[in-house]
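Along the sequence shown, residues are numbered consecutively beginning with 1. We count ligands from 1, going down the list as the structure has it; atoms in each ligand are counted the same way.
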Amino acid sequence: MPCLFFFSYICAMKLVDTHTHLYLEEFKDDRREVVEAAINANVETMLLPNIDSGTVDDMNSLATAFPENCFPMMGLHPTSVKDEYEKDLAMVEHLLNKGAYIAVGEIGIDLYWDKTYREQQIDAFRIQLKLAKKHKLPVSIHTRNSFEEIYPIVKEELNDDLKGVFHCFLGSEEEAKKIMDLGFLMGVGGVITFKKATIGDVVKNIPNNYLVFETDAPFLTPVPFRGKRNQSAYIKYIAEKTAIIKGVTFEEIATVTTENAKKLFNIKGN
Ligand SMILES: [Zn+2]
């Protein structure tokens, strides 16, 4: 049955980009080509995390243009949490009530550049976790210099309806263990391909069923395109490097992470 074998081989190679901002300005001139390049590279499913009220329209337009491939999330990004964050959260809630979103994201806490809105970020994060539980949607969590703040909040809010992924995971082995104890997954991105990155040592010991892949395009471009604009077609470089680090085949890591992503985000088809 060579045809069937060929068919299942191709299916097994499919990859999911669980975190990509292809609706941003960086892609305004070639957005369609970038999505088509991803589909041609077997990245047929792309999940779009929102940033704030200024990105909703472009994100939704992209999802409407590629309804089989691009799935939007709804949320307020921690670096967009300012004085008026309650107004933004009202918009998030209003749009979640309309449905059509695959997850609540991206949400979280970012204390890397600026701690001015630390308390507001914590409040916005907790409120959005509650919204995710209410709508029974997974969450995409942005953690930057903030694991100590994020972990206890997720733990407190944890129930059977709360699940999700720590996107762009760059934490320690101990943090990975805590995330697994929560039943959450970790997103592996382009940083794993960087020469001096130590995240590979941590990812090596994380069981495959806790991992998903992401580009975070246009940011964090993997080698060999580091320094250029990132795009979803580049997931394969992240998958290749992860397979090497873990001593498994590309097919194996692709199959497991795609299954993980489909299960977490309840993606049907393909
Ligand atoms: Zn992001």
Side-chain angles (χ1 to χ4, degrees), residues 15-28 31 34-35 38 43 45-60 62-63 69-82 85 88 92 95 101-114 117 121 124-125 128-129 132 137-147 149-150 154 164-171 179 184-194 197 199 211-222 225-226 228-235 237-238 257 261 264-265:
L15 292 159
V16 176
D17 189 350
T18 59
H19 195 109
T20 180
H21 300 279
L22 296 181
Y23 54 80
L24 290 178
E25 180 79 7
E26 283 86 344
F27 300 99
K28 73 174 181 350
R31 208 180 305 283
V34 164
V35 173
V43 187
T45 306
M46 288 155 264
L47 310 186
L48 313 173
N50 187 45
I51 295 173
D52 54 33
S53 56
T55 54
V56 172
D57 288 347
D58 288 341
M59 180 185 69
N60 284 343
L62 181 58
N69 309 98
C70 295
F71 302 95
M73 304 184 193
M74 182 42 59
L76 178 64
H77 192 288
T79 58
S80 291
V81 172
K82 309 283 179 206
Y85 76 102
D88 291 316
V92 167
L95 290 172
Y101 294 100
I102 199 158
V104 174
E106 76 184 84
I107 62 173
I109 300 170
D110 189 320
L111 304 175
Y112 183 72
W113 295 111
D114 189 0
Y117 292 98
Q121 284 193 40
F125 180 53
Q128 293 184 96
L129 287 180
L137 290 173
V139 292
S140 183
I141 301 179
H142 171 110
T143 316
R144 204 168 183 203
N145 285 24
S146 59
F147 191 81
E149 284 79 5
I150 284 189
V154 177
V165 55
F166 281 70
H167 119 76
C168 188
F169 177 70
L170 294 171
I179 291 170
F184 274 54
L185 309 190
M186 284 154 273
V188 178
V191 175
I192 200 161
T193 68
F194 297 177
I199 188 62
L211 299 176
V212 292
F213 291 132
E214 59 170 65
T215 57
D216 203 13
F219 317 108
L220 301 173
T221 313
F225 298 106
R226 194 175 177 185
K228 305 213 174 77
R229 183 187 67 171
N230 201 1
Q231 57 183 78
S232 292
Y234 296 168
I235 280 280
Y237 300 105
I238 297 164
T257 55
L264 175 64
F265 292 100

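- Closest N/O/S atom of E106 to the Zn ion (ligand 1): OE1.
- Here the N, O or S atom of H21 that is nearest to the Zn ion (ligand 1) is NE2.
- Nearest to the Zn ion (ligand 1), among the N, O or S atoms that D216 has, is OD1.
- A donor-acceptor contact under 3.5 angstrom links the side chains of D216 and H21, judged on distance only.
- Side-chain atoms of D110 and T79 include no donor-acceptor pair closer than 3.5 Å.
- Using a cut-off of 2.8 Å, one finds that H167 contributes no N/O/S atom close to the Zn ion (ligand 1).
- Between the side chains of Y101 and N60, at least one donor-acceptor pair of N or O atoms lies under 3.5 Å.
- Here the two rings, on Y234 and F225, have centers that are under 6.0 Å apart.
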